[in-house]
Amino acid sequence: MRIYKSFRSGNRITLFNGDCIDLLKSMPDESVDLVVTSPPYCIGKAYEDPHDDIETFKTLHTNIFNDMYRVLKVGGSVCWQIGYHISDKCVIPLDYLVYDLFTSLSKDLDFPLTLRNRIIWTFGHGLNSTNRFSGRHEVILWFTKGEQKIFNLDEVRVPQKYPGKKAYRGPNKGKLSGNPLGKNPSDVWEIPNVSAKHVEKTDHPCQFPIAIPQRLIKALTLPDGMVLDPFAGSGTTGAAAILEGRRFAGSEITPKYYKTAHKRLRDTINGTLRIREDKPVVAPNPNSAVAKLPEEFKRIREEKNGEKH
C-alpha cells in the first residue's frame with residue numbers, strides 16, 4: 001500500500017508535509033466521513049512558536065474552519081481532542097473555546113455543527129503540580145454536521161464490571177441484564193496516556209494513544225470511510241485508520257514529525273507497529289513491591305496525621 005505525499009481522490013493513504021490549509025484546499029467537497037485531531041494548544045511546545053498565545057489558538061481554528069466544514073460530508077463527524085492552555089496566571093479550558101468557535105461559525109450554515117458528546121479522557125499518570133491539582137484529563141468534543149448518520153456502538157463496547165448481573169424484578173427477573181457484547185463505554189474513557197515507557201512512544205512531545213482515534217473511527221465510520229487529521233503529529237490517527245480498514249488523509253507541517261508519522265504509517269501497513277491494545281486498565285497487584293506502602297512513607301504519614309490531632 002502506497003503512502004502518497006499529495007492528495008488525490010483515488011489515494012487510500014495521503015500524508016502531506018505542509019500546512020493543513022493547503023491539504024484541505026486540495027480536497028473535494030463532502031469527501032470526508034470523520035475528522036479526528038488534536039491541534040496545537042499554543043503553550044510553547046517544541047513544535048510551536050514561543051510567541052503563540054490564546055489568540056493564536058483562536059485564529060488557527062477560524063482560518064481552517066470553512067475548508068474543514070466544506071470537505072466534511074453531511075452527517076459526518078468531527079472529533080476534536082483538546083486540553084488546557086496553561087500559563088502562570090490561569091488555566092483556560094480549550095474545549096470551551098472550540099465549542100464556541102465551531103457552533104458560532106456554523107450556526108447560519110445549512111447544516112450547523114451539533115455537539116453530540118463531550119468525552120472526558122482520563123489517565124492516571126502525568127506531571128505532578130505543587131500549586132494546583134495535577135491535571136489528569138483532557139476532552140474530546142464530538143460534533144456532527146447536521147444530523148448524525150453513523151454510530152456503531154457494538155463495535156466499541158467494553159467489558160462489564162459485573163457481566164453476571166441479573167435483573168431482580170420485572171418480566172426479565174432472573175435473566176442476565178447486560179448486553180453480551182459488553183457495555184457502552186460511556187463519556188468517560190480511562191486510557192493510559194503516552195508516557196516515556198509506553199509502547200507507542202515516539203519523539204513527538206504531545207502524542208495521544210492509538211486507542212482514542214481507534215474507538216472514534218470504529219464508532220463513527222464504516223469500512224473504507226475517509227478519515228482526516230489536519231494536525232497529524234506522530235501519525236496516530238492515520239495508524240488507527242489503517243488498522244480499521246479506512247482511508248486516511250493527514251498533514252504535518254514539521255519535517256521531523258512528518259518523518260515520524262510516515263514511518264509509523266509504513267509500520268502499520270507492514271504489521272510491525274507496536275500498539276497498546278484498547279483494554280481496561282488493570283489494578284496493580286497489591287503484593288508487588290512497588291504497590292506496597294514503604295515504611296518510610298508510612299511513618300511520615302503517621303507523623304503528619306499526628307500533627308493534625
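These values consider heavy atoms only, across backbone and side chains, with no hydrogens, waters or symmetry-generated copies.
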With a 4.5 Å cut-off on side-chain heavy-atom distances among I, L, V, M, F, W and Y, is there a chain of contacts connecting [X] to [Y]?
X	Y	answer
I120	W142	no
I191	L153	yes
I119	I82	no
V35	I253	no
V188	V139	yes

From [atom1] ([X]) to [atom2] ([Y]), nearest 0.5 Å:
X	Y	atom1	atom2	value
L141	Q81	CG	CD	10.0 Å
E138	F123	CD	CZ	5.0 Å
T236	I275	OG1	CD1	11.0 Å
L15	H262	CG	NE2	6.5 Å
I13	I242	CD1	CD1	4.0 Å
K165	Q160	NZ	CD	10.5 Å

Under 4.5 Å between any side-chain heavy atoms of [X] and [Y], yes or no?
X	Y	answer
T14	K5	no
L97	D100	no
L24	Y69	no
T103	P112	no
F248	T268	no
C20	F231	yes
E30	L72	no
I150	L222	yes

Salt bridge flag under 4.0 Å for residues [X] and [Y]:
X	Y	result
D95	R118	yes
R70	D67	yes
D33	K149	no

Go through the steps for F143 and F102 under the test ring pair (Phe, Tyr, Trp, His ring centres under 6.0 Å), then give the verdict. CA-CA 9 Å; F143 299 90; F102 283 6; 5.5 Å; yes

Is it the case that atom [atom1] in [X] sees more than 12 heavy atoms from other parts of the structure closer than 6.0 Å?
X	atom1	answer
R136	CZ	yes
Y96	OH	no
R169	CZ	no
K201	NZ	yes

Does a side chain donor of either R264 or T202 reach within less than 3.5 Å of an acceptor in the other side chain? no

Side chains of T221 and R246 only: does a donor on one sit below 3.5 Å from an acceptor on the other? yes

Heavy atoms only: give me the nearest [X]-[Y] pair and the separation to one decimal.
X	Y	result
V36	P213	CG1-CB, 4.0 Å
M226	R247	CE-NH1, 3.6 Å
K256	D203	CE-OD2, 3.3 Å
V194	F208	CG2-C, 3.7 Å
W80	M68	CZ3-SD, 3.4 Å
A167	S177	N-CB, 3.9 Å

Residues two or more places apart in sequence or in another chain: which of them pass salt bridge (Lys or Arg N to Asp or Glu O under 4.0 Å) with E55? K58

Do N184 and N179 pass the side chain to side chain contact (heavy atoms under 4.5 Å, CB included) test, and can you show the C-alpha distance, the side-chain angles, and the key distance before you say yes or no? CA-CA 9 Å; N184 186 313; N179 188 299; over 6 Å; no

Step by step, work out the side chain to side chain contact (heavy atoms under 4.5 Å, CB included) result for H198 and R276. CA-CA 8 Å; H198 196 289; R276 180 193 179 275; 3.8 Å; yes

Given 3.5 Å as the limit, does a donor-acceptor pair link the side chain of [X] with the main chain of [Y], or not?
X	Y	answer
S106	L113	yes
E252	T254	yes
N152	D154	no
S251	F16	no
S134	S129	yes
D229	A249	no
E200	I210	yes
Y258	G18	no

Start with the C-alpha distance between D29 and V71, add both sets of side-chain angles, then the distance that settles side chain to side chain contact (heavy atoms under 4.5 Å, CB included), and finish with yes or no. CA-CA 4 Å; D29 296 358; V71 303; 5.8 Å; no

Pair L101, T62 - check side chain to side chain contact (heavy atoms under 4.5 Å, CB included), show working. CA-CA 7 Å; L101 285 167; T62 301; 3.9 Å; yes

Aromatic ring proximity, centroids under 6.0 angstrom, H61 and F57: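 Yes, close enough.
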
Mind checking ring-ring contact (aromatic ring centres under 6.0 Å, His included) for H137 and listing every partner two or more places apart, or none if nothing turns up? Y84

Sorted by chain and residue number, the ring-ring contact (aromatic ring centres under 6.0 Å, His included) partners of W189 (sequence neighbours excluded) come out as none

Mind running salt bridge (Lys or Arg N to Asp or Glu O under 4.0 Å) on D224 and R12 for me, showing each step along the way? CA-CA 9 Å; D224 283 332; R12 188 159 188 88; 2.7 Å; yes

